[in-house]
Peer 1: 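Got a structure for you, written out below as structure tokens; questions coming shortly.
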Amino acid sequence: MSCDHDQQRRQFLARGAALTAAVSIAPGLMLYDFARARPPGEAANPAVRWGMLIDTTQCESGCDACVSACNKENGLSGRTLPTDSQWIRKLELQQEDTGRKISMPMMCQHCAEPPCVDVCPTGASFKRADGIVLVDKHRCIGCRYCMMACPYKARSFVHEPVTDHSGATPRGQGTVESCTLCVHRVDQGVAPACVEACAREGHQAILFGNLNDPNSAIAQRIRSVASVKLRADLNLDPGISFVGI
Amino acid sequence: MRMQSGWTLIGRMALLLALAGPLAAAVSEPVLDIGQGGKCVDDPRFMRLNHMKLMRHQRDETVHQGIRGGKYSLAGCVDCHASKKNHSVLGTDQNFCQGCHVYAAVKIDCFECHSSEPRRALAGEPLK
Amino acid sequence: MHHKTFAQIEIRYFYLLLVLGLVVVLGGLLAAQQMEAHGHVISGMNNQVVWGLPHVFAIFMIVSASGVLNVASVGSVFGRHVYKARAPLAGLLSLALLAGGLMVLMLDLGRPDRVIVAATNYNPTSVFAWNVLLYSGLFATVGLYLWTLMDRTMGGWSKPAGFLVFIWRIILTTGTGLIFAFLVARQAYASALLPPLFIIMSFAWGLAIFLIVQFAMFSWNELQLNPAIQKRLKNLLGLFVVSVLYLVATYHLTNLYFSRQVAFERFILAHGGLYTALFWGGYVVLGSIVPLLLIFMPGLGQARCVLLASLLVLVGAFSLLYVFIIGGQAFPLLIVPGYTVHSSFGDGQLASYAPTVFEWALGAGGLGVAFVTVTVGVRILNFLPHDDPRQPMEGN
């Protein structure tokens, strides 16, 4: 299996548009069942639903490998002023009555019923067929209503002109942005940057995969361990689940 | 950008006016640094007239439906046409995108978000 | 036009006001231009408080634009002559306030250059998108209504046009309230009380603005307002102020009953610093109780008292909106209930927000647009309410 996947990735790289980094992480990658890279010209598959299972018991307090990897991948500055963008951040939680401490990453939860999509006046916020919630920045007018509507504070507004375009994701002043689930990597059959970074650190805190495939590692694990979704009371059906909260 | 069709129109009108006016002779065609160049994804004359529509169409398909690998990509333009002097399609009125857009008086806002430099592989592949 | 309308105002006063208004408008435009050039980083807004002072101004004007039509509706829909004489002025004020509010809203966008996208790409599930139609519709319906009022040949149509405006503005203010009522994410919002609250607020604020403008016009024309009319309008303002107070109290009391909302209510009502001060001092005392005393206390209630009461109602309006919009966002989101939380992104922390000069200038610019529109409008057309002294007062 592993060879097969590698082969396909190599083919893809040979086609010229791919990311050589994928090769270097190939062994870690196989921890996460992977759909093949989608062939060029094919639209996102509505039978797929991408999601994550975050195991907070495996997430180390103070480790921010996922955050740094995301910043690097997407060209974020990594600054943390209230006006700076943060697509993924670490929450340090402490249970009020027991004092139990939890550390976990927080990002767009890629809801099946995303409030940001409902409220967006122009349809710039949208959910792709495979469940990834995105902002079409060509269509975003910067009204920030989605930021008012998101219960997870997942979105950031680009408060300044963007000068560094080294990231894989185009970003620009006056538009709203958030975790894309590294859609550019996922479409090439590569795991999101945060997932890869977490594994590289030797942690197994983020499991990524197709929730709709009953044989996928993520679907199997969600069937076998107790997990929760954040703000489940709102019934937004997030694509991200958590173990250990 | 939807606005751009409007700007294009205004740009063309401005161009027409300029050509029709007595100063027509003063408007000289831009001399463009086409970078690496080579065979374009389509007939250059067709591209000159239609690149904005083609790119916008493909852009919507890629962003919303996830269809990748189309030939009319902005990054593709930049890869081939970035100047070898400054590795960019912008910078001077000779650079590929800037030069022609200044000539046609059409505002270009692609590069507020997109890179005006060729794609580098993540592992640090040197610039073309 | 045989009435002595505004001929009595010396033309240089008119131009002075006009220039003042235009300077304020220009300041707003410059501020917007700066925000577009440098980004919203030069404003006080951030990723937690995403809507700032410009939204306070914009929502104030949009809500008032609807409420000021109340005077017209009572005239045309319910057939009261006293109010009908005021309908044209109310219509003009409505258009002016709506224009000012929308200007602020649009210029505060991250990409105001793309505002046309809101028309070309329409998301039918978005309240914002509905409001695009509702706002444009109000311009159209009020314009039509003004036509029926000011063109004698159209006189027969003023009642149906007035009825259309009445329905339209109730829906419009419902839509404005729904912008917040639909937000499940933040504790301050997500309440079905908000649309009716916004409607009542619009009645109070709109009437207050109307009374201020009417006072100014009568003073400048050296006219006296019929005391019976004065009494009726001030009593109406008092009634609206009490109604807003009632709904605001209901909103907070119901919240206090839900234990998940108690922390938020304690923040707003007890230890929210500026927000608490603005709520009690600005809205409750200055914006409600003092105006009520000025209106209803025996011995008070004269023209100047009503003017002061109206101004204070507007002070209360800004205070309440500031607490509602900014205070509501400053309180952190409850992402993982039962846990205290820290992060680099302000999770679990009260957000700080300090508006900058650009936001003040942009907001004031919107008021400037309304002011200039009204100043020019009342000069070139006959908007002064004409009360027929021989007309017997109708029962009420």
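Given the structure is predicted, the values throughout are model-derived calculations rather than measurements. In what follows, chains carry the letters A, B, and so on, assigned in the order in which the sequence lines appear, proteins first and then strands, with residues in each chain numbered from 1.
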Peer 1: Could I get the full list of salt bridge (charged side-chain N to carboxylate O under 4.0 Å, His left out) partners for A:E160, not counting sequence neighbours?
Peer 2: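 Testing A:E160 for salt bridge (charged side-chain N to carboxylate O under 4.0 Å, His left out), a comparison that skips the adjacent residues, returns A:R79.
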Peer 1: Against chain A, work out which of C:F345, C:F128, C:F182, C:Y122 has the most heavy-atom pairs shorter than 4.5 Å and name it.
Peer 2: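 Sorted descending by pairs with chain A, the first entry is C:F345.
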Peer 1: Taking side chain as C-beta onward, heavy atoms only, is A:M148 less than 4.5 Å from C:F180?
Peer 2: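 Heavy-atom side-chain distance check passes, below 4.5 Å.
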Peer 1: Looking only at heavy atoms and a cut-off of under 4.5 Å, which of C:V336, C:I179, C:V184 has the most pairs with chain A?
Peer 2: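 Option with the top pair count is C:I179.
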Peer 1: How many angstroms lie between atom CG of A:L81 and atom CG of C:N47, to the nearest 0.5 angstrom?
Peer 2: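 The distance works out to 10.5 Å.
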Peer 1: Show, in sequence, the C-alpha distance, side-chain angles and deciding distance for C:D347 and A:K153, and conclude whether the salt bridge (Lys or Arg N to Asp or Glu O under 4.0 Å) test is met.
Peer 2: CA-CA 8 Å; C:D347 292 281; A:K153 204 185 171 186; 5.6 Å; no
Peer 1: Give the member of A:A124, A:G123, A:S125, A:S156 that has the highest number of heavy-atom pairs under 4.5 Å with chain C.
Peer 2: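 Of A:A124, A:G123, A:S125, A:S156, A:S156 has the most heavy-atom pairs under 4.5 Å with chain C.
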Peer 1: Side chain, backbone, both or neither: which part of A:L236 has a heavy atom under 4.5 Å from chain C?
Peer 2: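 It is neither, since no heavy atom gets under 4.5 Å.
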Peer 1: Is it the case that A:Q86 and C:S344 place a side-chain donor and acceptor less than 3.5 Å from each other?
Peer 2: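 The answer is yes; a qualifying pair exists.
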Peer 1: So which part of A:C143 gets closer than 4.5 Å to some heavy atom of chain C, the side chain, the backbone, both or neither?
Peer 2: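 Contact with chain C is through both the backbone and side chain of A:C143.
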Peer 1: Among C:S352, C:A190, C:S343, single out the residue with the greatest number of heavy-atom pairs under 4.5 Å to chain A.
Peer 2: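 Heavy-atom pairs under 4.5 Å are most numerous for C:S343.
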Peer 1: Tell me, side chain or backbone of C:L333 under 4.5 Å from chain A's heavy atoms, or both, or neither?
Peer 2: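 Contact with chain A: side chain only.
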Peer 1: Which of the residues A:V119, A:T175, A:D118 is involved in the greatest number of heavy-atom pairs with chain C at under 4.5 angstrom?
Peer 2: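 When all of A:V119, A:T175, A:D118 are compared, A:D118 has the most.
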Peer 1: With a 4.5 angstrom heavy-atom cut-off, is it the side chain or the backbone of A:L234 that approaches chain C, or both, or neither?
Peer 2: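 Only the side chain of A:L234 comes within 4.5 Å of chain C.
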Peer 1: Tell me the salt bridge (charged side-chain N to carboxylate O under 4.0 Å, His left out) pairs involving residues 221-232 of chain A, sequence neighbours left out?
Peer 2: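 Those involving residues 221-232 of chain A are A:D55-A:R221, A:K229-A:D237, A:R231-A:D233.
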Peer 1: Shorter than 4.5 Å, heavy atoms on both sides: which option in C:S43, C:P337, C:G338 has the most such pairs with chain A?
Peer 2: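 Looking at each of C:S43, C:P337, C:G338 in turn, C:G338 comes out on top.
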